[in-house]
Amino acid sequence: MSAPPPRRVYFRTFGCQMNEYDTGKMRAQLVADGFVETLEPEEADVILLNTCSIREKAVDKMRSALGDYRSMKRNGKSVTIGVAGCVAQQEGQKLLDQYRELDLVFGPDGVPHVRELVKRAIETRRPVLDTDFLDLDAYPFVSDIDPADHGVGAFVTIQKGCDNKCTFCIVPSTRGVEISRPHTEILDEVRALVDRGVQEITLIGQNVNSYGLKRTGELTFAQLLRAVAAVPGVRRIRYTTSHPRDMGDDVIEAHRDLEVLAPQLHLPVQSGSNRVLRRMKRFYKREHYLDIVAKLREARPDIVLTTDIIVGFPGETDEDFADTMSLLNEVRFVGAFSFKFSGRPGTPALKLKDWVEPAVAQERLATFQARQRELSAEWMHTLQGTVQNVLVEGPSRHDEGVVCGRTGTNAMINFPGPVELVGEWVDVRVTRAFTHSARGELA
Ligand code: 5AD
Ligand code: SF4
């Protein structure tokens, strides 16, 4: 008698790197349980959506996808549908009430026991809901390696949750309080990844700079950076996300001392206006931010910066927005993610009265993005004609016979070359720069 065919699971991930990472951890656990991943929802026995609630748009996208999968079920397909992540945490039972075809709803803290949750959803014929936050002292970070982690780079989570209360942000309520992962586990995961050929590690958390501060005897973030840098085989380190308030001198010194720490930093500023920063409860001023930038550039002259900006925060005046534009011009970010303020359920900013007209917010966003595009392109053009050392990541998605690699400053360069170069560090002469990437040739 032949074995029954394996069950197939389809993942769809919305939102940030943390969600991508969580999906990877779910994949690792379900594959260990005998599941096979499929890239076609029509073929799946289990569909899992890992959702994001950071802005209304992300929630809309997820609802539209869920609508499609629910139609498949209504049309007779037998499939278990689960919603995980931040929307699940936030809406819980409401989602189950709204979508009768849903079998499973669980928040980010459900990830460590996804196996059991999926099993329960398949076996019991009733919808399963799990939005409990797990125990602070014994939070089970998942160490199984994502089977899809066979590239040259991988993420490693160092903490979960966030203790800040930025007034616009829903994360503290969907991901719970900040918990740092023990550094021994982090280093074990880094070693396991290096054993699989990974060379570039990106440490992730909601506010990495406060790593370890709540655990007695734990390393600080700067010490953790040094410990990861000391793991043989780690050739490049990045990290995200940092909070400017917690960006200490010790981390800046790590940028000075550690060659493997990439000369690139994502440091969300959110606004250039002190008045808006205060209303956002960010607890730093524009001057402090500029001071960190100056220190970083002194410590590591080739460092480039990217940021996150919110325009149209309640009460933002033309003058406040002008402060954001002047900060942009002063720092000259090489890239920025910029968003219109989106009022999120349960956040303090939702209660502010003086909302910016949507058309005004839209115009500010367009103004910001146009200037940022210029700055990004100007920076990319400074690379033209230079020789850059890149770690080759894989074949280009668009052109056959072309591979792509990234510089330490995170610039993507496409150049003709065989796939055998993947994983190699090569020198590439930049022949043509665009806004977000460049063309080159082996030097
Ligand atoms: N509206 C708009 N942008 C937001 N962000 C977080 N919450 C909101 C919101 N309510 C942005 C911030 C953050 C990034 C991940 O998303 O800029 O740094
Ligand atoms: Fe949200 Fe602020 Fe925490 Fe970042 S630091 S996750 S913006 S509350």
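Numbers here are sequence positions counted from 1. Every number for a ligand or one of its atoms is a count from 1 in the order of the listing.
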Give the contacting part of [X] toward ligand 2: side chain, backbone, both or neither, where contact means a heavy-atom distance below 4.0 Å.
| X | answer |
| --- | --- |
| Cys162 | side chain |
| Asn207 | neither |
| Pro268 | neither |
| Arg282 | side chain |

message = Please confirm whether the ring centroid of His255 lies under 6.0 Å from the ring centroid of Tyr239.
response = yes

message = Are Phe337 and His266, when compared by the centres of their aromatic rings, separated by less than 6.0 Å?
response = yes

Parallel, tilted or perpendicular: rings of His288 and Tyr284 (30°, 60°) = tilted

key: Pick from Cys16, Ser210, Cys169, Ser242: the one approaching atom 7 (S) of ligand 2 most closely through a non-hydrogen atom   = Cys169

inquiry  = Let's go through Arg300 and Leu265 carefully: what are the C-alpha distance in whole Å and the side-chain angles of both, what is the deciding distance for side chain to side chain contact (heavy atoms under 4.5 Å, CB included) to 0.1 Å, and is it a yes or a no?
reply    = CA-CA 11 Å; Arg300 185 86 202 232; Leu265 181 65; over 6 Å; no

query = How long is the gap from CG on Leu187 to CG on Leu224, to the nearest 0.5 Å?
reply = 6.5 Å

key: Those protein residues which place at least one heavy atom below 4.0 Å from ligand 1   = Ile54, Arg55, Phe168, Gln270, Asp308, Ile310, Phe339, Lys340, Phe341, Ser342, Arg344

key: atom 5 (S) of ligand 2: the protein heavy-atom neighbour that sits closest, reported with distance to 0.1 Å   = Asn164 ND2, 3.4 Å

request  = Give a yes or no on whether the backbone of Phe14 and the side-chain of Asn19 come within a donor-acceptor separation of less than 3.5 Å.
outcome  = yes

message = Closer than 2.8 Å to atom 2 (Fe) of ligand 2: does that hold for any N, O or S atom in Cys166?
response = yes

